[in-house]
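Along the sequence shown, the residues carry numbers beginning at 1.
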Amino acid sequence: DITQDQERNIENTRLTLSEEDALKAQIFGCWSIPLGLPYNENLLVRVRLKLRKDGTIIKAEILDHERLNIPGQGYYKVLAESALRAVKLCQPLKVPSTGYESWKELILNFDAREMLEG
């Protein structure tokens, strides 16, 4: 059985909101949104990252990769490539010194509409 103290430690291994926000801010600071994107399109790109303890990236992949090859999704492909470029430009990421298990694999949402709205 897990004691209450152990349970609290397990909960605390997840990224806090401020840690998650700091990580997103780093990456989004490296992200150049391509010009001329249609504002009415679904402009959300989800990227899965696998990280080392030092914040370097082992793997970065687009989760909705099948959408890259659908005709008429050229904007999505350009946006997805820009998101991957941002992740690679920003490494090594400044990651928490503890709780590696909780952040060694992350999913980030790159939403161009959020960025364009400011």
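Following chains of ILVMFWY side-chain contacts shorter than 4.5 Å, one cannot reach Ile62 starting from Val78, and the two form parts of different hydrophobic clusters. Follow the hydrophobic side-chain contacts under 4.5 Å out from Leu23 and you reach Tyr100 in the same cluster. Linking ILVMFWY side-chain heavy atoms closer than 4.5 Å, directly or via other members, places Trp31 and Tyr75 in a single hydrophobic cluster. Taken together through direct or relayed side-chain contacts under 4.5 Å among Ile, Leu, Val, Met, Phe, Trp and Tyr, Leu89 and Phe110 form parts of separate hydrophobic clusters.
Closest of all the heavy-atom pairs between Cys90 and Gln26 is SG-O, 3.1 Å. Taking all atoms of both residues into account, the shortest heavy-atom contact from Ala60 to Val87 is CB-CG1, 4.3 Å. Heavy-atom minimum distance, Arg67 versus Leu44: NH1-O, 4.1 Å. For the residue pair Trp103 and Lys53, the shortest heavy atom distance occurs at CH2-O, 3.6 Å.
If you take CG on Asp111 and CZ on Arg46, they are separated by 12.0 Å, rounding to the nearest 0.5 Å. The structure places NZ of Lys94 at 14.5 Å from CD of Glu19, a figure rounded to the nearest 0.5 Å. Taken from OG in Ser32 to CZ in Arg85, the straight-line distance is 7.5 Å, to the nearest 0.5 Å. Between atom NZ of residue Lys59 and atom CZ of residue Arg48 there is a gap of 8.0 Å, rounded to the nearest 0.5 Å. The structure places CD1 of Ile70 at 12.0 Å from NZ of Lys77, a figure rounded to the nearest 0.5 Å.
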With side chain to side chain contact (heavy atoms under 4.5 Å, CB included) as the criterion, how do Glu105 and Leu51 come out once you've worked through the C-alpha distance, each side chain's angles and the decisive distance to 0.1 Å?
CA-CA 6 Å; Glu105 194 167 313; Leu51 301 168; over 6 Å; no
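For the side-chain contact (heavy atoms from CB on, under 4.5 Å) with Leu93, the lone residue among Thr56, Leu49, Leu106 that qualifies is Leu49.
The backbone N or O of Val45 lies less than 3.5 Å from no partner atom in the side chain of Tyr76, so there is not a single donor-acceptor pair.
Within the 4.5 Å cutoff, the side chain of Ile57 has no heavy atoms near those of the Lys50 side chain. Here the side chains of Leu63 and Val47 are not in contact, with every heavy-atom distance at 4.5 Å or above. For the pair Ile33/Ser82, no side-chain contact is recorded, criterion being any heavy-atom separation below 4.5 Å from C-beta on.
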